[in-house]
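Not measured: the values here are computed from a predicted model. Values below: every heavy atom of this structure, side chains too, minus hydrogens, waters and symmetry copies.
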There are 2 protein chains.
Amino acid sequence: MAKPTKRLPTKRLPMLPAERALKVISGRWKAVILYHLFDGPRRLSVLKTLVPDITQKVLIQQLREMEEHGLIRREIFAEIPSRVEYSATRLGLSLEPILLALCAWAQHHADELNEMDRVTDCIIRPRQARPPAIA
Amino acid sequence: MAKPTKRLPTKRLPMLPAERALKVISGRWKAVILYHLFDGPRRLSVLKTLVPDITQKVLIQQLREMEEHGLIRREIFAEIPSRVEYSATRLGLSLEPILLALCAWAQHHADELNEMDRVTDCIIRPRQARPPAIA
DNA sequence: CAGTATCCGATTAGATACTG
DNA sequence: CAGTATCTAATCGGATACTG
């Protein structure tokens, strides 16, 4: 059994779209921020406390990108202590099930992923394609 | 109606796990590569043709990372023209539904995402928090 | 409070050439 | 065929200081 190539040999669905989807939520903090916006509009200051480990600069960066991508909305209120609220758009909200599925997946495979973390921190060292003694 | 904060005010599910899940499939090409492995084992040379736009170096890099993360497996066959096959592990396969969901999402929102692409290519220019004339 | 400007280190990816 | 080694450009994220 040298070629157990099962399933379809060529294509099924175009993967390319998913690539773009990934780009939209890729970024160190985007998923987390968006997640907090699922719960309703949030002011910048609140987001800062909700995601304490992020720099303000990066927070705003990620917000901007998600805004450009149509995932979130930014609303300015003409009040004296200036107020700005970020909220998820319909498009952003439509990602909720997928993000939750991702959560569920990650939790379900927590063990394997822990294992992974351990590895990720190491340098991925080179390796030989050294066959186990040619037959 | 200044605070239409609906839904839960605090937490629901920990988002942190999803972050790690995202890390695992984030990377310019990982999703695409993994996707091709869903169809069965693939040799490196085949992957190169399946994902023609990727550099060989980067292809191997991404394969290595996914291997370290337990998503894929690498098997060496002791043959004379050396042969190496990559295939998805159980863990990798378990990502299939989510990746497909991501595909579906991206296709369903193709229009908005096209719009996005247009924007993504531009420089995200600075912007003022300029309120529309204070009341 | 919300946001900008700058500088810098780390990570990422691409190009190219070479090896068993 | 499968893979490594360099070198480089681009992107990303973090720290810090400053503004209306």
What integer distance in Å separates [X]:[atom1] from [N]:[atom2]?
X       : N      : atom1 : atom2 : answer
B:Ile60 : C:dG14 : CD1   : C1'   : 14 Å
B:Leu44 : D:dT4  : CG    : P     : 10 Å
A:Lys23 : C:dT12 : NZ    : P     : 16 Å
B:Leu47 : D:dC1  : CG    : P     : 13 Å
A:Glu65 : D:dG13 : CD    : C1'   : 11 Å
A:Glu79 : C:dC1  : CD    : C1'   : 11 Å
A:Arg74 : C:dC1  : CZ    : P     : 16 Å
A:Gln61 : D:dA15 : CD    : C1'   : 13 Å

Residue pair B:Arg73 / B:Ser87, side-chain donor-acceptor N/O under 3.5 Å: yes

Watson-Crick or G-U wobble partner of D:dG20, both distances under 3.5 Å: C:dC1

Check: B:Ser26 side chain, A:Ser26 main-chain N or O, donor-acceptor pair, under 3.5 Å: no

Selection from D:dA2, C:dA2, C:dG14 that lies nearest to any side-chain heavy atom of B:Arg83: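 So the side chain of B:Arg83 is nearest to D:dA2.
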
Nearest-nucleotide comparison on DNA chain C, the residue closer to the 5′ end among B:Gln62 and A:Lys48: A:Lys48

Nearest-0.5 Å distance, CD1 of residue A:Ile54 to NZ of residue A:Lys57: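 One finds 10.5 Å between CD1 of A:Ile54 and NZ of A:Lys57.
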
5' priority, DNA chain D, between B:Arg43 and B:Lys57 [closest heavy atom]: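 Comparing both residues, the 5'-ward one is B:Arg43.
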
Sole residue of A:Arg28, A:Lys23, A:Lys30 in salt bridge (Lys or Arg N to Asp or Glu O under 4.0 Å) with A:Glu65: A:Lys30

If only side-chain N and O atoms of [X] are considered, is one of them under 4.0 Å from the OP1 or OP2 phosphate oxygen of [N]?
X       : N      : answer
A:Arg64 : C:dT4  : yes
A:Thr55 : D:dG13 : no
B:Ser82 : D:dA2  : no
A:Ser45 : C:dA2  : yes

A:Leu59 and A:Lys48, any side-chain heavy atoms less than 4.5 Å apart: yes

